[in-house]
Amino acid sequence: MDRKVILTGLRPTGNLHFGHYFGALTNWVKLQDEYDCFFEIADVQALTDNFNNPDKVRKNVRETAIDLLSVGIDPKKANIFIQSAIHEIAELTVYYSNLVTIARLYRNPTVKTEVMQKKGIFGEKGEGVTYGFLGYPVSQAADITVFDCDLVPVGEDQLPILEQTREIVRKFNSIYGEYLKEPNHLLSNNPRIKGLDGNEKMGKSLGNAIFLCDNDETIKEKIMGAVTDPNKIKKDDPANPEVCMVYYYHNLVNKDNCSTICSECKKGSRGCVNCKKELITAMTEFLKPIREKRKMYEENPSLVDEILINGTKNAKKVAEKKMKQVKEAIKINYFE
Ligand code: TRP
């Protein structure tokens, strides 16, 4: 039997960090053994709110590819592809746009939140939101359905987008016939990763992230500045590890030693500076294989190109086939 198809995407707007790694990427690496995986570098979507900064998007397409490869996405098992190269996605977006009302797009909670976060581009009240950004859920529906995708691994914030994809599919099928597959989401059971400042979410724009490509010096600075228990004043005061970000990251990269760290911290026999130094060592160890892979790919840019070209070629084949069916459904297959 054919394997189920997975598609998920990332906007190439910056390097990937620990939040991506533990929240999503570890899961994606596992999925590539069981499913036909398509990992989309969503440059078209990135341009919806970075249309004035094409250099940034262009640079990050390659960076995102290297990030994905360095954490273990294997080009022999999975396809990494560039969204803009699959013209069928853009084409399909046009036809889907007839099936979505503007009011429905305005109501999408994810879009709403994002518009309000981007006041600099879309205005204080979101009054300057563009057609393109407002419509990105439509284009994302095209991303997903052009691959006959079964499962979409996403974080909770993307669920309203996926719901809208399903609505588009149902509407399409009810008008034109049962051509499209309704996808399901695959929520990762990995938790959201907290930031260095103790914020519930690690984020690039929040300035509290540890990036997978951070060098030793940066890692050291960041960990040394991480939030610890504010009630611990002196080195041997007992403290509460539950409110300490250093302990929190020990749990991610140094699990084996955590019960000792926890009891020493509670007793007051563990100073924060030492504890941070141990975390730096553990994190360096953890990043070692990721850095080795990164270095290899950075030194071989043509290999990265080849991987992207291949992944895009495979994706294109699937998308062309689906687009043919869609054109038949909408009766615009004039000379075929
Ligand atoms: N919107 C997603 C994000 O911001 C990225 C994305 C683009 C995506 N296309 C997708 C996710 C298709 C899942 C499926 O994270």
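Only this structure's heavy atoms are used, side chains among them; waters, hydrogens and symmetry mates stay out. One-based numbering, in listed order, for ligands and for the atoms of each.
Both tests do not hold together for Arg291 against Phe286: distance to the six-membered ring centre under 6.0 Å, angle to the ring axis within 45°.
Pairs of residues two or more places apart, or lying in two chains, that qualify as ring-ring contact (aromatic ring centres under 6.0 Å, His included) and include a residue from residues 173-222 are His17-Phe211, Phe172-Tyr176. Within the structure, no pair that satisfies the ring-ring contact (aromatic ring centres under 6.0 Å, His included) test touches residues 292-312, not counting sequence neighbours.
Considering backbone and side-chain N/O atoms, Gln140 comes within less than 3.5 Å of an N/O atom of ligand 1.
Looking at Glu40, His20, Gln158 and measuring to atom 2 (C) of ligand 1, the nearest heavy atom belongs to Gln158.
Less than 4.0 angstrom separates some heavy atom of Leu7 from each of these atoms of ligand 1: 12 (C), 14 (C). The ligand atoms of ligand 1 that sit less than 4.0 angstrom from a heavy atom of Ala42 are 7 (C). Which parts of ligand 1 touch Val154 is read off a 4.0 Å heavy-atom cut-off, strictly below it: atoms 13 (C). Using a 4.0 Å cut-off to heavy atoms of Val152, the atoms of ligand 1 that qualify are 13 (C), 14 (C).
Once rounded to the nearest 0.5 Å, the distance linking OG1 of Thr101 with CG of Leu99 reads 11.0 Å.
The nearest protein atom to atom 7 (C) of ligand 1, hydrogens excluded, is given as Gln45 NE2, 3.3 Å; this is a heavy-atom distance. If you check which protein heavy atom lies closest to atom 9 (N) of ligand 1, you get Asp143 OD2, 2.8 Å. Closest to atom 4 (O) of ligand 1, if we only count protein heavy atoms, is Arg11 NE, 3.4 Å.
Looking at Lys295 and Glu299, a side-chain N of the basic residue comes within less than 4.0 Å of a carboxylate O on the acidic one, giving a salt bridge.
Using a 4.5 Å cut-off on side-chain heavy atoms (C-beta onward), Leu252 and Ile193 make contact.
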side-chain hydrogen bond (donor to acceptor under 3.5 Å, both in side chains) evaluation trace for Asn50 with Asn53: CA-CA 5 Å; Asn50 291 280; Asn53 204 348; 5.2 Å; no
